[in-house]
Protein chains: 2
Amino acid sequence: MTTTRRRGGAMSEVRRRRLRLEISREASRLFWEQGVDATSGDQIAEAVGLSTRTIWRHFRTKESCAEPLVARGVEWGMLILRAWPPHLSLEEHAAAERIRHVEEATADSVIDDRLALGIVALGDREPALRTAWLMACDKVERELAPVIARRLGLPADDHRVLPHAAATGAALRAYNEHVARTLLSGGDTQGLLHAPAHLARAVRGATGGAVGDAIAG
Amino acid sequence: MTTTRRRGGAMSEVRRRRLRLEISREASRLFWEQGVDATSGDQIAEAVGLSTRTIWRHFRTKESCAEPLVARGVEWGMLILRAWPPHLSLEEHAAAERIRHVEEATADSVIDDRLALGIVALGDREPALRTAWLMACDKVERELAPVIARRLGLPADDHRVLPHAAATGAALRAYNEHVARTLLSGGDTQGLLHAPAHLARAVRGATGGAVGDAIAG
DNA sequence: TGGCATTATGGCAGTAAGTGACGCGCGACG
DNA sequence: CGTCGCGCGTCACTTACTGCCATAATGCCA
């Protein structure tokens, strides 16, 4: 029995994701360098070495090309929350994960992170990019619900879970936007060392303290 | 002395808003009846009795035509929070405002509300409408910051205010989406009577209890 | 290893969203 | 009563995006 059911010469899911990310990288870079309006689909296609037609097969709109890269910013927070063991407080876990993240960082991943934050910051002026960012956050928020539900020992569609997920997503988003702004405006990168604490406090605050503590037992 | 300073035959701001709302009404109705993709700019223009060119003068994209109407859903919550007197708890104030809102409702406003919720619900399937909804909420959230700042007696750009604004906005959004879903799926409208309490509890929870109580003194 | 099925891709023509330019009409003001 | 400012319509134009068909690439199975 195969868990991943793909027939014929179908592209593997991981490969598809890689390709989308690659397109996203080039598109985001162009958006950053010359603005969204000044960047055409043809340019993106040429930059990534594909035909324009193929770009539109992988992305519905030009702006959405930025989503995968931009999503990695919040994805980092998502990974933390997903891998959050019950017996740890959020502060402890986030701090540990941050160290691991920094240790595992490659030159490329650093560039990606920087570029993603740039796009987020650019969203202040470019509505098109703002929607891409909001959509990415929206996607994260939807994935957040089951994670929080499991944390609280509630069914995923419980009416108390969704507001918590929304608030947590908002906290994550606000935090990322804050980082993006500070980084872009000359950047006091020193303050970013307290990231885990800030993030944990924001989530804790956003969920009224319901999400944050270690779970006994 | 004229407070609204307009020279020549300039369109007043209120008139401009009215026109945008009118366009939004027709566009949203068409989106609802036949889907976004099946609705062309020409159709919207014809429905509202303007030229297509004028539609694009008032809205940058087709989907954004839905924003003004859809924004009224959250705007209701915004109005409540904006007019929230310090000496009342959120529950008390929201309950009073809801009564007023129901009393002042006209046939048209009821239709508008219904249509707006329909568009919100439709956003689950139509990404284009989802972005419109998210943008509307985003706008509300930005306006929320100063309101919350004033409530807490903090400067608007305080680092504690923005997460609260984001979380409150998310709570508002989640609540509206919940209402939209229930209303669309056959609708237990009975439960909506507790709207003020739910909304207040959501905001309270989203801000860690910092926003919700009456302010003494 | 080699055929087969399935899918990703490229090229091209077509649709429709969105823009710039120009002229008209209308209401405001002297 | 002229003329000024501005919203609106018309038309030509650019470009994001889609269908369609041919072809190359890939995984499965003998």
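Letters A, B, ... are given to chains in the order of the sequence lines, protein chains preceding strands, and every chain is numbered from 1. All values reported here derive from a predicted model rather than from experimental measurement.
- Atom CH2 of A:Trp56 is separated from atom P of D:dC17 by 5 Å (rounded to the nearest Å).
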A:Thr52 and A:Ile44: CA distance, side-chain angles, deciding distance, side chain to side chain contact (heavy atoms under 4.5 Å, CB included) verdict: CA-CA 8 Å; A:Thr52 310; A:Ile44 299 174; over 6 Å; no
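- Looking at heavy-atom distances under 4.0 Å, B:Arg57 makes contact with a base.
- Here the rule is side-chain contact (heavy atoms from CB on, under 4.5 Å) with A:Trp84, and of A:Arg150, A:Arg151, A:Glu97 only A:Arg151 fits it.
- Comparing A:Glu63 and B:Leu50 against DNA chain D, the residue whose closest nucleotide sits nearer the 5' end is B:Leu50.
- Taking atom CG on B:Leu19 and atom P on D:dC6, their separation rounds to 17 Å, with Å as the unit.
- Applying the 3.5 Å distance criterion, the base of D:dG7 shares no donor-acceptor pair with the side chain of B:Arg15.
- A donor-acceptor contact under 3.5 Å links the side chain of B:Arg53 to the base of C:dG20.
- Between A:Phe59 atom CZ and D:dA16 atom C1' there is a gap of 15 Å when expressed in whole angstrom units.
- In the model, B:Glu177 has a side-chain atom that pairs as donor or acceptor with a side-chain atom of B:Trp133 under 3.5 Å.
- A donor-acceptor distance shorter than 3.5 angstrom exists from the side chain of B:Thr182 to the backbone of B:His178, with no hydrogens or angles considered.
- Rounded to an integer number of Å, the gap from A:Asp42 CG to C:dG10 P is 13 Å.
- Separating the CZ atom of B:Arg16 from the C1' atom of D:dC8 is a distance of 13 Å, rounded to the nearest angstrom.
- Backbone-only engagement by A:Thr61 is indicated by non-hydrogen atom pairs under 4.0 Å involving sugar-phosphate atoms exclusively.
- Taking atom NZ of A:Lys62 as the reference point, atom P of D:dT18 lies 14 Å away to the nearest angstrom.
- Of all nucleotides listed (C:dG10, C:dA8, D:dA16), C:dG10 comes nearest to the side chain of A:Ser51.
- Residue B:His58 places none of its side-chain N or O atoms closer than 4.0 Å to OP1 or OP2 of D:dG7.
- For A:Thr54, no side-chain nitrogen or oxygen approaches OP1 or OP2 of C:dT9 to under 4.0 Å.
- Between B:Asp37 atom CG and C:dA16 atom P there is a gap of 11 Å when expressed in whole angstrom units.
- Mapping A:Arg60 and B:Ile55 onto DNA chain D via the closest heavy atom, the residue that lands nearer the 5' end is B:Ile55.
- Side-chain atoms of A:Arg25 do not come within 3.5 Å of backbone N or O of A:Leu115 as any donor-acceptor pair.
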